[in-house]
Amino acid sequence: MCNRFRAVGREELIRYAREAFGIDWDPERPRYNIAPNTIQAIFVKDDEDKLVATQARWNLIPFFEKGEKAGTSFLRTNARSEEVLGKPSYREPIQKRRCLVPADAFYEWEHLHDGRVKLPYAFELNPTRPFTFAGLWERGNETRPPSFTILTTSPNELVAKIHDRMPVILSDENAHRWVAAGPMTKETLAPFVRPFPAEKMHCHRVNPAINSVRADTAEAAAPANTDDPVASAEQPPAQGELF
DNA sequence: CCAGACGTTGTT
DNA sequence: GTCTGG
DNA sequence: CCAGACGTTGTT
DNA sequence: GTCTGG
């Protein structure tokens with residue numbers, strides 16, 4: 001789960017970065033449909049321990065993967081918070097390269113009719129406002145930019161209706177702590193990776209046009225038109241041909 | 001995550 | 001069915 | 001010792 | 001690079 005998210009409210013995101021983190025950041029364009037392997041802003045500590053926005057690719061490529069095909073065997077867009085301390089890909093990032101991923105929604109799909117129908121939902125804070133995912137990043141090199149992944153955890157009651165995992169969302173207070181220097185142990189990690197409270201979130205169905213990663217538009221990210229097309233959207237496609 | 005492709009030969 | 005691209 | 005993995009999600 | 005499996 002959580003392989004799509006949204007960051008569209010330019011003014012809100014600018015204000016959030018400045019007021020919550022003291023970061024001078026302008027997302028420049030709204031991203032309605034952020035997909036794996038795309039470049040997106042993350043917040044990291046710089047050499048002087050100051051929080052800054054930088055660009056990174058969503059799909060963490062671990063330091064041991066070299067060459068052209070690095071990162072192509074499978075996605076590392078999510079990292080299980082339960083496993084992250086021990087996995088070779090994340091062992092060092094969880095200690096030294098934690099980051100924040102600014103967003104204002106994430107998408108989840110409800111699968112119907114044996115997976116032939118996929119209904120997208122947007123999950124937002126309530127009231128809707130920007131937030132950050134807990135992320136990890138890895139350095140880039142001559143041929144590729146830095147890369148990042150988003151931690152996952154068990155779902156809260158709201159997300160559990162659709163999926164059995166959810167991304168780790170940080171309170172503003174925890175976001176500061178997340179990127180503060182310090183060793184991470186099972187005990188110190190635990191308070192960060194608890195499911196974000198369901199009562200502070202809400203969700204709604206979205207236009208299925210969002211399914212296509214190329215649909216990076218306000219129309220595709222708009223709430224589903226519940227006046228009519230629910231039935232048709234949920235109608236199973238024809239079951240093969242009858243000769 | 002979902003959508004869309006899924007192939008070879010020739011080759012001025 | 002399975003892989004790649006976004 | 002060497003070889004091979006190194007990851008997550010979904011499963012109406 | 002480092003860990004796991006054989």
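Chain identifiers are assigned alphabetically (A, B, ...) following the order of the sequence lines, protein sequences preceding nucleic acid strands; residue numbering begins at 1 within each chain.
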> Could you state the atom-to-atom distance from CD1 of A:Ile162 to C1' of D:dT9 in whole Å?
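That distance rounds to 15 Å.
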> Write down the distance between CD (A:Glu83) and P (D:dT8), rounded to a whole number of angstrom.
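Distance, rounded to whole Å: 6 Å.
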> Considering just the side-chain nitrogens and oxygens of A:Lys118, establish if one lies under 4.0 Å of OP1 or OP2 belonging to B:dC1.
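Checking B:dC1 against A:Lys118, no side-chain N or O comes under 4.0 Å of OP1 or OP2.
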> Select one nucleotide: of D:dT12, D:dG10, D:dT8, the one nearest the side-chain heavy atoms of A:Arg165.
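Selected nucleotide: D:dG10.
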> Does A:His163 place a side-chain N or O at less than 4.0 Å from the phosphate oxygens OP1/OP2 of B:dC1?
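No, no such contact exists.
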> Using atom C1' in both nucleotides, what's the gap between D:dT9 and E:dG1 to the nearest angstrom?
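My reading of the C1' atoms in D:dT9 and E:dG1 gives 27 Å.
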> More than 12 foreign heavy atoms under 6.0 Å from CZ of A:Arg129: is that the case here?
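More than 12 within 6.0 Å, yes.
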> Given the P atoms of D:dA5 and B:dG7, what is the spacing between them in whole Å?
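Going atom to atom, P in each nucleotide, I get 24 Å.
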> For the pair made of CD in A:Glu138 and P in D:dG7, what is the distance, rounded to whole Å?
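Rounded to whole Å, this separation is 13 Å.
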> What nucleotide, of B:dA3, B:dC1, D:dG7, holds the atom closest to the side chain of A:Pro88?
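Given the options B:dA3, B:dC1, D:dG7, the side chain of A:Pro88 is closest to D:dG7.
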> Looking at the side chain of A:Pro36, which of D:dT9, B:dC1, D:dG7 is the nearest nucleotide?
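The closest nucleotide is B:dC1.
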> OG1 of A:Thr38 to CZ of A:Phe5: how many Å apart, nearest 0.5 Å?
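So the OG1 of A:Thr38 and the CZ of A:Phe5 are separated by 7.0 Å.
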> With heavy-atom distances below 4.5 Å as the criterion, would you say the side chains of A:Arg80 and A:Arg165 are in contact?
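SC-SC contact between A:Arg80 and A:Arg165 confirmed.
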> Using 30° and 60° as the class limits, which term best fits the ring planes of A:His176 and A:Phe21: parallel, tilted or perpendicular?
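A:His176 vs A:Phe21 ring planes: tilted.
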> Select one nucleotide: of D:dC6, D:dT11, D:dT8, the one nearest the side-chain heavy atoms of A:Arg76.
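Side chain of A:Arg76 sits closest to D:dC6.
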> From A:Ile42 CD1 over to A:Arg57 CZ, what is the distance, rounded to the nearest 0.5 angstrom?
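Answer for the CD1-CZ pair, A:Ile42 versus A:Arg57, is 12.5 Å.
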> Name the first nucleotide and the last nucleotide along DNA chain E (5' to 3') that come under 4.0 Å of a heavy atom in chain A.
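Result: E:dG1 to E:dC3.
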> Should B:dT8 form a Watson-Crick or G-U wobble pair with both distances under 3.5 Å, which nucleotide is its partner?
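B:dT8 is unpaired by these criteria.
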> Would you call the rings of A:Phe106 and A:Phe123 parallel, tilted or perpendicular, where under 30° means parallel and over 60° means perpendicular?
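Rings of A:Phe106 and A:Phe123: parallel, as their planes differ by under 30°.
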> What is the separation between atom CZ on A:Arg214 and atom P on B:dA3, rounded to the nearest whole Å?
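That distance rounds to 11 Å.
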> Looking only at atom C1', what distance separates D:dT8 and B:dC2, rounded to whole Å?
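Those two atoms are separated by 15 Å.
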> Just compare B:dC1, D:dC6, B:dA3 and give me whichever is closest to any side-chain atom of A:Trp109.
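The nucleotide sitting nearest to the side chain is B:dC1.
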> CZ of A:Phe63 versus C1' of D:dC6: gap in Å, rounded?
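In whole Å, D:dC6 C1' and A:Phe63 CZ are 9 Å from each other.
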> Does A:Ser212 place a side-chain N or O at less than 4.0 Å from the phosphate oxygens OP1/OP2 of B:dG4?
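The answer is no; no side-chain N or O of A:Ser212 sits under 4.0 Å from OP1 or OP2.
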> Donor-acceptor pairs under 3.5 Å, side chain of residues 6-14 of chain A to any protein atom, not counting sequence neighbours: which ones?
| residue | atom | partner | partner atom | Å |
| --- | --- | --- | --- | --- |
| A:Arg6 | NE | A:Asp104 | OD1 | 2.9 |
| A:Arg6 | NH1 | A:Glu124 | OE2 | 2.9 |
| A:Arg6 | NH2 | A:Asp104 | O | 3.3 |
| A:Arg6 | NH2 | A:Asp104 | OD1 | 3.4 |
| A:Arg6 | NH2 | A:Glu124 | OE2 | 3.0 |
| A:Arg10 | NE | A:Asp26 | OD1 | 2.9 |
| A:Arg10 | NH2 | A:Asp26 | OD1 | 3.2 |
| A:Arg10 | NH2 | A:Asp26 | OD2 | 2.6 |

> Please classify the nucleic acid contact of A:Asn37 as base, sugar-phosphate, or nothing, using heavy-atom distances under 4.0 Å.
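Base contact - A:Asn37 has a heavy atom under 4.0 Å of at least one base atom.
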> Taking only the C1' atom of each, what is the distance from D:dG4 to C:dG5 in whole angstrom?
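Looking at atom C1' only, D:dG4 and C:dG5 are 27 Å apart.
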> Report yes if the ring of A:Phe64 lies under 5.5 Å from the six-membered base ring of D:dC6 with planes under 30°, and no otherwise.
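Stacked: centres under 5.5 Å apart, planes under 30°.
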> Provide, to the nearest angstrom, the distance between the CG atom belonging to A:Leu60 and the P atom belonging to D:dG7.
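Taking atom P of D:dG7 as the reference, CG of A:Leu60 is at 10 Å.
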> Quick check for you: to the nearest 0.5 Å, what is the distance between A:Thr152 atom OG1 and A:Asp164 atom CG?
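So the OG1 of A:Thr152 and the CG of A:Asp164 are separated by 9.5 Å.
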> Measure from CZ on A:Phe5 to P on B:dC1 and round the result to the nearest Å.
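Those two atoms, CZ and P, are 16 Å apart.
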> By ring pair (Phe, Tyr, Trp, His ring centres under 6.0 Å), which residues pair with A:Phe196, not counting sequence neighbours?
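Here no residue qualifies.
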> In whole angstrom, give the distance that lies between atom CG of A:Asn78 and atom P of D:dG7.
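To the nearest whole Å, that distance equals 13 Å.
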> Across all strands, who's sitting opposite D:dA3 as a Watson-Crick or G-U wobble pair, both distances under 3.5 Å?
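Paired with D:dA3, as far as the under-3.5 Å criterion goes, is E:dT4.
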